[in-house]
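Below: the structure, in structure tokens.
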Amino acid sequence: MKDLRNKPDYIFESSWEVCNKVGGIYTVLSTRAKTMKELFGDNVIFIGPDVWKERENPLFREDKRLMRTWRADAEKEGLQVRVGRWQVPGNPCAILVDFTPYYAMKNKIYTDAWNDFGVDSLHAYGDYDEASMFSYAAALVAESYYRHSIQKGAKVVYHAHEWMTCLGALYIRKHVPEMATIFTTHATSIGRSIAGNDKPLYEYLWAYNGCQMAEELNMQSKHSIERQCAQNVDCFTTVSEVTARECRELLDKDCDEILMNGFESDFVPRGASFASRRKKSRSRILQVANALTGVHFGEDTMIVSTGGRYEFKNKGIDVFLESLYRSLYDDTLKRPVIALVMVPAWMKEARQDLAERLKKDAAYVTPLAEPNHTHLLHDMQGDRVLGFLRSHGICNGNGNRVQVIFVPCYLDGNDGVFNLPYYDLLVGTDLAVYPSYYEPWGYTPLEATAFHVPCVTTSLSGFGLWANAVKGGKSTLEDGVEVIERNDYNFSDVANAICSAVSRFSAMSDSEVEEVRRKASTISQKALWKNFIVHYLNAYDKALGKAQSRLASE
């Protein structure tokens, strides 16, 4: 471990996703918690929103013995908090704060942010107010704990994640200058918006003005708070080189450190347990596919999947579907293919006709009506995946080389069809495809390789660039990860490259498949937090050094 001149005594980490599982940042923080706990003990304190309130939060266990003295002080100051432990490996300390009382102060809070840092909140809408009030409350929690419970002269870091916590980071910078501040943008709000609005992001990145684009796309307030936070914290960070370039051009700030996303290997089963879960997963997937389509699937069936957030273009769902359409006519496919599109959508309920079939231990020879989705949606006609399948005439049934199944639910083990958590389904797949157009890092391909599933990703993802760097050149499927070159305009080439990868994999012998699976797992081992945590230690060192120099000059 790196020997640092500036190692923090305390670390506060603020995120909307502390004890609140809504996206990829949850995975970053929750998997890193164990390593952080080993390094800093209970002096690393996560601060999250108390959105569950009176309902039981399965991710948080309150412990009224923790921070008892400080909680009494916090209550006198009007802070409404619950203290306990995050129910993830390491069980770190977590403080959940009720931020709703601060809505009454919203105008003053925004006025102060404008006067102090030039943050434009005039164009706020949607989730801006909710995020900002939480961010402000989280900063008050850190300030209170610092004033009451931390000895003078201690080295303290306040680490804010994503634009939703920027207001708090700026508050700390102004009102608690003794604390070193770090801001990590996991994806710039304006970059994601440019990509999501079908504007070419990469070729013209050098020419885009972030503030001008924010005005054009009605993103002024989110962009403003993110840009000002990046400019004013002691250490500005992001998660990959691809996003660092984005920050340089759109936020007008070079990153001080790249904090790549790792994982802990203890959630991956081993030995007999791994084999058992893979067998169970494959059996369930084949059973569901048969009940839907009426097609018999043998053990040689190749199961291909994609997953993640439902961003049709940004996550490459569009090009994945296009590749499957082209694969229907690919004579080089050596095995039948089931393709699972596992992205949570506006789901209504599990299909009852499918659920009834699954209750019976039977093999079916006739398909259900519309045999391409496992759950009903609130907007069946407007859904983009189903719309693509309809417009391209992709109808599952006998005679098709590829069967496409849309799984639009959150896979928590209680979805009514598979009834297996996401990881327990992932382990049963043979090949995973994540052809993202906009992907600052890419946890989904990293998770796939951890479960010995080779994957396809692109050169526009942070993980893809990292895989190429590990290889020392272009990584291919035979290395465990296929990195397809992608740019603003080569959609068709990417679709063809995915087809080629699927076809090549289908022609591999059993021994070749096992070797590729082994290499995929080997790659994932290089991304363990024990290997990546040094970048966080560098960031702490830089932030504390900057804060000390700043205070000395004031």
Side-chain angles (χ1 to χ4, degrees), residues 195-203 242 302-343 372-373 383-396 400-407 429-439 442 444-445 448 453-461 463-465 467-468 474-479 481-508 516:
N197 280 277
D198 291 328
K199 293 181 178 294
L201 175 62
Y202 301 100
E203 183 174 347
V242 68
M302 180 174 157
I303 302 173
V304 181
S305 72
T306 195
R309 191 161 42 210
Y310 199 166
E311 295 181 20
F312 195 68
K313 175 188 175 183
N314 283 353
K315 298 300 182 184
I317 300 168
D318 54 354
V319 73
F320 178 61
L321 292 172
E322 177 65 29
S323 73
L324 296 176
Y325 172 67
R326 297 183 185 188
S327 292
L328 286 169
Y329 307 99
D330 185 357
D331 293 330
T332 65
L333 273 179
K334 302 301 182 184
R335 299 161 60 186
V337 172
I338 294 174
L340 302 176
V341 182
M342 301 188 292
V343 288
N372 54 19
H373 55 276
D383 181 80
R384 298 190 72 176
V385 170
L386 293 179
F388 185 100
L389 299 180
R390 285 192 298 268
S391 66
H392 286 69
I394 301 178
C395 302
N396 293 335
N400 288 354
R401 292 185 175 88
V402 179
Q403 314 286 332
V404 184
I405 299 175
F406 183 29
V407 185
T429 62
D430 298 300
L431 180 67
V433 181
Y434 310 103
S436 297
Y437 174 76
Y438 185 82
E439 188 69 81
T444 44
V453 180
C455 68
V456 177
T457 187
T458 74
S459 59
L460 296 183
S461 75
F463 178 80
L465 291 179
N468 279 344
K474 185 179 183 303
S475 183
T476 68
L477 189 59
E478 290 72 17
D479 300 309
V481 176
E482 173 101 352
V483 181
I484 295 172
E485 291 298 318
R486 186 163 189 191
N487 57 44
D488 292 309
Y489 303 112
N490 68 339
F491 179 96
S492 185
D493 292 338
V494 173
N496 286 336
I498 297 170
C499 284
S500 173
V502 172
S503 177
R504 280 170 23 233
F505 192 84
S506 75
M508 289 183 182
V516 170

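No hydrogens, no waters, no symmetry mates; every other heavy atom, side chains included, goes into these values.
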Would a 4.5 Å heavy-atom cut-off, applied to side chains only, mark [X] and [Y] as touching?
X      : Y      : value
Leu389 : Tyr325 : no
Lys315 : Val343 : no
Arg335 : Asp430 : yes
Glu322 : Phe491 : yes
Met302 : Val502 : yes
Pro454 : Phe505 : yes
Val242 : Tyr202 : yes

### Query
Is a salt bridge present between Arg504 and Glu478, judged by a nitrogen-to-oxygen distance below 4.0 Å?
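Looking at Glu478 together with Arg504, the answer is yes, because their closest N to O distance falls below 4.0 Å.
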### Query
Could Asp330 and Arg401 be called an ion pair, given the rule that one side-chain N must be under 4.0 Å from one carboxylate O?
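No, this pair does not count.
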### Query
Which distance, rounded to the nearest 0.5 Å, do you find between the CG of Leu340 and the CD of Gln403?
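Here the rounded value is 11.5 Å.
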### Query
When rounded to the nearest 0.5 angstrom, what is the spacing between CG in Asn496 and CG in Asp493?
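So the CG of Asn496 and the CG of Asp493 are separated by 6.5 Å.
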Check for a donor-acceptor pair, side chain of [X] on one end and backbone N or O of [Y] on the other, with a separation under 3.5 Å.
X      : Y      : value
Ser475 : Val481 : yes
Asn468 : Leu465 : no
Ser323 : Phe320 : yes
Lys313 : Asp318 : no
Asn487 : Glu203 : no
Glu482 : Leu477 : yes
Tyr437 : Leu201 : yes
Ser391 : Gly387 : yes
Asn314 : Tyr438 : no
Asp383 : Leu386 : yes

### Query
What residue among Ile498, Val304, Val404 forms side chain to side chain contact (heavy atoms under 4.5 Å, CB included) with Leu324?
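Only match with Leu324 under side chain to side chain contact (heavy atoms under 4.5 Å, CB included): Val404.
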Identify the two heavy atoms, one from [X] and one from [Y], that lie closest to each other, and give their separation to 0.1 Å.
X      : Y      : value
Ser327 : Val402 : CB-CG2, 3.9 Å
Ala467 : Val483 : CB-CG2, 4.2 Å
Gly442 : Phe463 : O-CB, 3.8 Å
Val319 : Arg486 : CG1-NH1, 4.0 Å
Arg326 : Cys499 : CB-SG, 3.6 Å
Tyr434 : Gly307 : CE2-N, 3.5 Å

### Step-by-step side chain to side chain contact (heavy atoms under 4.5 Å, CB included) determination, Phe406 to Asn372
CA-CA 6 Å; Phe406 183 29; Asn372 54 19; 5.9 Å; no
### Task
Give me the ring orientation class for Phe388 and His392: parallel if the planes are under 30° apart, tilted from 30 to 60°, perpendicular past 60°.
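The rings of Phe388 and His392 lie parallel, inter-plane angle below 30°.
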### Query
Under 6.0 Å from the NZ atom of Lys199, do we count more than 12 heavy atoms belonging to anything else shown?
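Result for NZ/Lys199: open.
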